[in-house]
Peer 1: 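Pasting a structure below so you can have a look.
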Amino acid sequence: MSYFMNLLIIAAILIILAVFFYFAFRKRKDSSNVSYSMDLSIPYLVEGVRETFNLILNTSGAQWNLNKTETLKREKRKTALRKALRTCNYGDIGAKEYIKEYIKDLIQLKYQVNEKNINQILPFGQHSRLTLQDKFDILLYCYKKEHGMGALEAFIENYNKDLSDGDEKISYEISGEHIESAYMNEIGTLSYIDKLEIVAQRIYQLYKGHGAIDEIRDMSIDGVSGGVSGISNTFYHFSEEMFSEDTIIPPNAYDSIWIFFQGKTIHMSFLSFGSQKELERVCKNIYRYDNPGQLSASKGYIANEMKDGSRVIVVRPPLAENWAFFVRKFDSINKINMETLITDEESHIPIETMKWLIKGCQVTAITGEQGCGKTTLLKALVEYINPIFTLRIQELIFELNLRKLYPYRNILSFKETATVSGQDALDIQKKTDGTVTILGEVASAPVARWLVQLSQVASKFTLFTHHAKTSEGLVIYLRNALLQEGGFTNEIIAEEQVVDTVSFDIHMIKTPEGRRLIERITEIIPIGDEDFDSDNLRENMSVYYKKINRRHTFQTIDIVVFEGGKYQLKNKPSKRALKAMYYNFTEEEKIECNCFFSSL
């Protein structure tokens with residue numbers, strides 16, 4: 001009897017243990033599932049990807065316990081991964097795509113992301129739960145599938161014919177309402193592959209990319225900036241008591257993202273970096289291509305280029321009131337023919353005039369405010385330069401990228417570095433058989449001195465850009481630069497040097513609507529000096545005092561002007577200029593040029 005009782009007791013104990021372990025295991029499994037579901041979030045995946053990449057890079061080949069061939073393969077993959085991680089945020093699109101492919105494989109293999117659970121990362125199926133950034137990312141991805149790097153341009157053209165919101169404080173804006181409307185009109189069902197691409201991009205931009213502007217920076221636009229509006233973080237902490245319940249709290253500086261597109265500065269008011277820490281992270285990473293140095297509080301700024309030719313400037317306190325960056329996408333300007341660039345009525349007049357100035361080898365300035373299209377026009381004018389001429393470009397940062405547009409021409413660019421001064425670069429350039437010199441931008445006194453120096457002794461003619469508002473202002477700036485940097489002490493002599501150097505000024509403007517056009521083409525003409533008579537002292541003294549009391553040694557004459565909504569040919573170039581131009585023409589070109597200017 002006791003034997004059977006013992007068996008029953010043992011059986012009962014076993015049943016109880018079995019039931020206990022069953023429910024304990026089930027509870028643990030359910031808990032694990034809940035935890036796993038909660039962890040399928042963007043921040044969790046970003047941190048997981050970071051840790052995994054660090055583990056891959058820090059694991060030695062001996063730990064893999066593989067044969068020599070497999071070990072070498074893994075070492076090569078690790079080297080490629082390390083290089084891509086180092087360069088992906090320098091503007092290297094290939095390295096960026098490589099890292100994104102790695103991220104897609106990683107989250108599918110390690111975190112079991114699949115078609116069933118990917119909506120736990122971003123609620124693709126619940127439109128009301130998607131943020132404005134989610135919807136914008138989805139829209140941009142869909143446009144990118146069709147338009148490539150022209151995705152943002154196509155989106156703006158489709159939905160923002162007139163970006164003005166009527167607010168005097170903001171000229172142009174892409175708002176949350178724009179995004180909501182576009183999303184409801186455009187987005188249908190997304191495939192699993194589409195969702196995976198969007199998730200991988202979000203993880204990448206928070207891990208190694210440039211945050212909310214990562215994809216925008218790659219688009220074919222003119223530029224993007226951040227940290228340039230809103231209230232700085234310091235002011236928020238200092239003035240918290242100023243904001244009552246009824247106060248409309250202004251945006252923070254890290255909510256500030258603006259793009260520059262077709263002459264318009266557009267506020268992406270729906271986008272934000274999310275935190276001051278994220279804005280600072282982007283600022284600290286975006287300028288690092290080619291090791292330009294450290295952005296420190298003592299210096300406060302860094303100007304550099306990115307791998308794709310974009311110019312980037314980053315500023316920080318105390319030089320600026322908060323962290324900010326500016327990216328100009330010069331390589332977004334494709335090779336444009338003049339007929340596409342200059343489109344207003346009678347546009348053939350400025351086009352033909354500029355063609356003869358360049359073919360005639362005239363030293364020409366392209367002036368105007370920032371964003372008015374000076375660089376674009378300069379790139380287009382290169383087409384008129386005689387193909388046998390060699391081009392040498394001197395820049396602060398490589399911006400023109402003319403070899404991308406004219407790959408079969410003899411072109412070489414130089415820039416100043418930490419160890420090679422601009423003057424040294426010019427001295428080397430003089431020994432490189434250059435025929436035409438192009439200065440990307442004359443924005444400082446030393447560069448202005450280089451301009452005069454190059455135009456007089458080192459090249460056949462020179463093209464350059466400048467921010468002058470008038471032709472008189474251009475000459476005066478260059479004159480003062482010579483007085484400051486060129487060793488001149490007499491204003492008249494310095495001015496004569498400038499006037500003898502620069503012959504024409506093409507002045508561009510940007511209308512309030514963002515349209516770019518040529519306002520005028522002006523010739524700068526030296527005023528002839530009276531000859532001295534060696535036998536007449538009194539007359540010589542009169543000529544001398546007349547000369548030193550003269551306000552300027554030059555006059556300006558408009559050749560082409562934009563008036564009444566169309567271009568007009570006002571005057572012929574001077575005989576002095578035409579004589580110099582004819583020297584560089586073929587007989588056929590002389591006849592064509594004569595016919596054009598004889599229409600007056």
Side-chain angles (χ1 to χ4, degrees), residues 357 361-369 374 378 392-396 416 421-427 429-430 434 436-507 520-532 540-559 573-577 579-580:
L357 295 183
C361 301
Q362 296 300 291
V363 176
T364 304
I366 304 171
T367 59
E369 63 179 305
K374 298 187 298 297
L378 178 56
R392 300 294 177 257
I393 294 95
Q394 181 82 13
E395 301 179 87
L396 176 64
E416 185 174 0
S421 69
Q423 184 61 58
D424 289 341
L426 281 178
D427 292 339
Q429 187 186 134
K430 294 173 188 175
V436 181
T437 301
I438 296 176
L439 292 175
E441 184 177 354
V442 177
S444 65
V447 181
R449 175 172 56 84
W450 301 344
L451 165 68
V452 175
Q453 179 188 129
L454 285 167
S455 300
Q456 290 183 336
V457 300
S459 60
K460 194 171 186 68
F461 74 103
T462 306
L463 299 175
F464 66 98
T465 67
H466 190 270
H467 292 299
K469 296 180 180 179
T470 64
S471 297
E472 290 83 357
L474 172 66
V475 173
I476 291 169
Y477 176 89
L478 296 175
R479 179 200 69 189
N480 292 343
L482 286 186
L483 291 170
Q484 179 181 336
E485 292 284 334
F488 288 86
T489 56
N490 186 293
E491 284 190 5
I492 294 176
I493 296 175
E495 188 172 281
E496 286 176 343
Q497 289 285 306
V498 173
V499 174
D500 191 50
T501 297
V502 183
S503 301
F504 290 90
D505 172 22
I506 302 170
H507 188 72
R520 56 180 171 77
I521 299 175
T522 304
E523 183 179 359
I524 300 168
I525 305 173
I527 297 175
D529 290 332
E530 295 86 347
D531 293 330
F532 288 98
N540 286 346
M541 291 296 293
S542 174
V543 170
Y544 172 76
Y545 284 114
K546 187 189 297 183
K547 181 176 179 179
I548 64 173
N549 289 320
R550 183 186 294 154
R551 185 168 180 267
H552 288 303
T553 64
F554 66 95
Q555 60 180 331
T556 59
I557 296 178
D558 290 335
I559 308 301
S574 67
K575 291 180 180 179
R576 170 180 178 269
K579 181 179 178 181

Peer 1: Could you report the tightest heavy-atom contact between Arg520 and Ser471, atom names first, then the distance?
Peer 2: NH1-OG, 2.9 Å
Peer 1: To the nearest 0.5 Å, what is the distance between OG (Ser574) and CD1 (Ile559)?
Peer 2: 7.5 Å
Peer 1: Grab the two heavy atoms, one from His507 and one from Gly368, that are nearest each other, plus how far apart they are.
Peer 2: CE1-CA, 3.8 Å
Peer 1: Which distance, rounded to the nearest 0.5 Å, do you find between the CD1 of Ile438 and the CD1 of Ile366?
Peer 2: 9.0 Å
Peer 1: For the CZ atom of Arg479 and the CD1 atom of Ile492, what is their distance to the nearest 0.5 Å?
Peer 2: 9.5 Å
Peer 1: Between Lys374 (side chain) and Glu369 (backbone), is there a donor-acceptor pair under 3.5 Å?
Peer 2: yes
Peer 1: Is any side-chain heavy atom of Leu357 closer than 4.5 Å to one of Ile521?
Peer 2: yes
Peer 1: For a quick test of reading the model, state the closest non-hydrogen atom pair linking Ile524 to Val502 and the distance between them.
Peer 2: CB-O, 3.8 Å
Peer 1: As a test of understanding, state which of Asp505, Thr522, Thr465 forms a side-chain hydrogen bond (donor to acceptor under 3.5 Å, both in side chains) with Thr367.
Peer 2: Asp505
Peer 1: Quick one: pull up CG in Asn480 and CD in Glu485 and give me the separation to the nearest 0.5 Å.
Peer 2: 12.0 Å
Peer 1: What verdict does the side chain to side chain contact (heavy atoms under 4.5 Å, CB included) test give for Arg449 and Gln484, after you've listed the backbone C-alpha separation in whole Å, the side-chain angles of each residue and the deciding distance to 0.1 Å?
Peer 2: CA-CA 9 Å; Arg449 175 172 56 84; Gln484 179 181 336; over 6 Å; no
Peer 1: What distance separates Ile525 CD1 from Phe554 CZ, expressed to the nearest 0.5 Å?
Peer 2: 11.5 Å
Peer 1: Search all heavy atoms of Cys361 against all heavy atoms of Phe461 and return the closest pair with its distance.
Peer 2: O-CB, 3.2 Å
Peer 1: Can you tell me if Gln362 uses its side chain to pair, donor with acceptor, with the backbone of Phe504 under 3.5 Å?
Peer 2: no
Peer 1: What I want to check is whether the side chains of Thr556 and Glu472 have a donor and an acceptor closer together than 3.5 Å.
Peer 2: yes
Peer 1: Run the numbers on Ile527 and Thr553 for side chain to side chain contact (heavy atoms under 4.5 Å, CB included), then give the verdict.
Peer 2: CA-CA 5 Å; Ile527 297 175; Thr553 64; 5.7 Å; no
Peer 1: Between Ala365 and Phe464, what is the shortest heavy-atom contact and its length?
Peer 2: CB-CZ, 3.2 Å
Peer 1: Does the side chain of Val475 reach to within under 4.5 Å of the side chain of Val499, using non-hydrogen atoms?
Peer 2: yes
Peer 1: To check you understand the geometry: which heavy-atom pair defines the closest contact between Ala481 and Ala448, and what is its length?
Peer 2: CB-CB, 3.4 Å
Peer 1: Please report the C-alpha distance between Leu478 and Val442 in whole Å, then the side-chain angles of each, then the deciding distance to 0.1 Å, and finally whether the side chain to side chain contact (heavy atoms under 4.5 Å, CB included) criterion is met.
Peer 2: CA-CA 9 Å; Leu478 296 175; Val442 177; 4.1 Å; yes
Peer 1: Working to the nearest 0.5 Å, report the span between CD of Glu496 and CG of Asn490.
Peer 2: 8.0 Å
